[in-house]
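As the structure is a prediction and not an experimental result, all values here were calculated from the model.
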Amino acid sequence: MTGRWQILLHARNFLSHSLRSGSGVAFIVLTVMVGLGCASLVFFPIESEIITAKEYKENAAQGVGTILAVVTLQPGKFSTLIEQIETEELVELAMWGRYLVLDHPVLLSLTVLLLGLLLPVLLQLGSFACIAGDVQHHSIRYLLPRTTRTSLLLGRLLGALILSWTVITCLQGAIVMYLGIVLPLDGWGALIAWGLQTLAALVVLAVPYVALGVLCSTIFRSPMVALMGSVGFILTVPLIAFSSREAWEPLGNLLYLLPWGYAHHLLSPDGTVVVKTVLYCLGHGLIFTVIAVLRLRRADL
Amino acid sequence: MIDSPSLLKIEQLSHRFGDKVAIDRIDWNLDQLGVVGLVGPNGAGKTTLFSLIAGFLRVQGGKIEVLGGAAPGSRSLVSRVAVMPQDAIFARDVSIVDQMLFLRSLDGVTGTTARQEVVAALESVGLADQLDRGAAVLSHGMGKRLGVAQAILGSPELILLDEPTAGLDPANAKQVRQLIRNLARTALVIVSSHNLLELQDLVDEVAVLVDGKMVASGTIDEVTGSARRIELRLGREILPGELQQILDEERVRAVHQDGVQLTVDLDASAKRGLDEALGQLLHRLLKLGVPPHQFREGASLEEAYLRLTGESEQAAAPLDDLAEDDLAEDDLAEDDLDESDAPAAAETSDDR
Amino acid sequence: MAISDRPGGLTALAALNGFFAISCAFPGLQRILSSYRLRAHLDDPEATADRWSRRNLESLIEADVDPQQMELLGILGLVVALLLAVSVWGLLKRNHWAGKWGSTLAAVGMASVSWLAVQVLPLDQLRGVGMDLVRQMFYPLFLLIMVHGIFRKDLRLR
């Protein structure tokens, strides 16, 4: 039995088992509910505008979208922001705003930006029990005589990734369909193309965070502690980075312990930057995976 | 027992959990197929030793070589070692048959062949009617049998069974014992158990663990020091003077009387030792005019176990009182089996 | 012996079905009530005193919604809620008909009611985002996949 075949078997078993045990059901429904909740935050003002100003439907939507985008990216007074956008220091922000707001379906861009902030936490729900669940109940002892620890971990990681990617695809598909059918603001062509690109960005972004969830699942023997550990790490890294940066600038680089510092470049207009960011994300995922493999291989189970 | 090169070799194995020493410099060498019993009090380190051999725990000190020199948990041992862990549970959300099929698929066997093997394994432990049930509905005994069934899937060369018959009813326990005997034709089966009478009939060899130390190992005769316990039911109670006469027989080591019940420990060493010892005992009883109404072999291993683990003082005080003089002259006195004095039985085992 | 070997996923699905049964039943009742108010408003527009209700009803009339359509949507919503409630019992009892086919009919019903509502009701009566969107677009599909795929063996005819 080759290791690769065993990895696929473990992935399939993990998918089936997580759905049957209910944790997968909870993960899917929670992620989709929260994801669509984000979408509703973005869509709601537009829907209101459409209802109150039907005669200006097309223009109003884009106008409100522009305001929303700018407000989201840099809270403050709109008039001041427009002035600021023209200044040197906000050139990049202006470029980003125009790129996301004017060149692509506005609402989808904003929804994906919001999802990019929430998904890292939600993805932990799909991976926290990968290893810790079996370790806690010692059921891993039935598997170990028949497989290697590395195959087991890689298989479970692959299963968690497939589950996460499926959920992200369902979520993104629902949002794109809703935008296309109920709020036909941007043509289907642009919507689908940008939808696929943003979907790819979210799929890549999922890799390091799912790997982190699996790593925590190998470090802690209780699934709930693993979940708290991974979510805590994801949330405290930016908090510590931002607060300590005030004291000493280099401490701001703590943000790069996770993809927080560069993940937004997955939506960059520059293809080279996107490719580099994808490689960074995959590299981050690889580092977490290697640590997890080393940890599991040395662990007392 | 069938000869085979180095199935399990343990050298100076030690393991700690924090400050507690779970395994203390154990040497153990098993190079023959068959059934080996591992006994010891609770907390003696049996499960830890199993976990180390299976590769669940990392070896901290010493060396283990499994099936011809492989380290525990190494890739070359995948699907060659089977384990029935004591405290592991099966997933409650997946049917028993699906879990077994998954385990078999990891061995590379799928489809109809795998299903036939799984059904056969479950039939052999009496669980064929539970195929589509989840593990949650299984009783403790059924869970044990399921654990045994997964361990016998395929053709493992080393099988570790941690208390496989604990909690089983007599019929199922007998079925599992028969299964273990069959497995021993092609594999080395190491069984831990507290049921010493059961082990005595089942195993070819036995090892005794006490406080992480292996205080004895070898064949039953080697470990018991060729002592055989005989239980007799007499027609009447025998008098103290008569009891002393029995004890004075050359091959009688100890005698314990409880009403008309008589428990006698015989020295069965040397060629035809048991025949001679029984002859002496029966001759003496007939001479005293108390022919036995009932006669059966008792738990010799239990007696040895109690002696080796130091639990005999609480468990069998009257017996010790009567046998005191004899035991003082005996080569197998407790002091001799202390690890510091290198036990004769263990030495014999290590040389195998 | 443990009480049941029902997979945790089936229990989770039953809980979700119960939740969505409630979320289908309330709009259903609301639409039936609206159909009566609409009928009364069409008979006598002055009878509706409340300004908010009047605006609401007028937007329905502007969108050419008639009371029968509204009533039908309401009844369908209640039927779907009932089917979901039956499926909750079926999933918990692992019953083939109530669990598997009750869920299937409920899923198809949920999607159909949502589609009909989008066709019939004016935009301001639809908030097809957030939770509602989950129900309308995602949950029926998810439910079908679960009962016909993942829990196929658990809900088979015994």
Where on C:L141 is there a heavy atom nearer than 4.5 Å to chain A: the side chain, the backbone, both, or neither?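 Neither part, no heavy atoms under 4.5 Å.
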Side-chain heavy atoms of C:F142 within contact of A:V25, under 4.5 Å: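 Yes, side chains in contact.
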Should A:V32 and C:Y139 count as side-chain neighbours, where that means a heavy-atom distance under 4.5 Å?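 The answer is no, as the side chains (C-beta and beyond) never meet within the 4.5 Å cut-off.
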Can you tell me how far CZ of C:F138 sits from CG of A:L171, rounded to the nearest 0.5 angstrom?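 So the gap between those two atoms works out to 8.5 Å.
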Measure the spacing between CE of C:M146 and CZ of A:R20 and express it to the nearest 0.5 Å.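 That separation rounds to 9.0 Å.
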Can you confirm whether more than 12 heavy atoms, excluding those of C:R39, are under 6.0 Å from its CZ atom?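 Yes, CZ of C:R39 has more than 12 neighbouring heavy atoms, counting only those of other groups under 6.0 Å.
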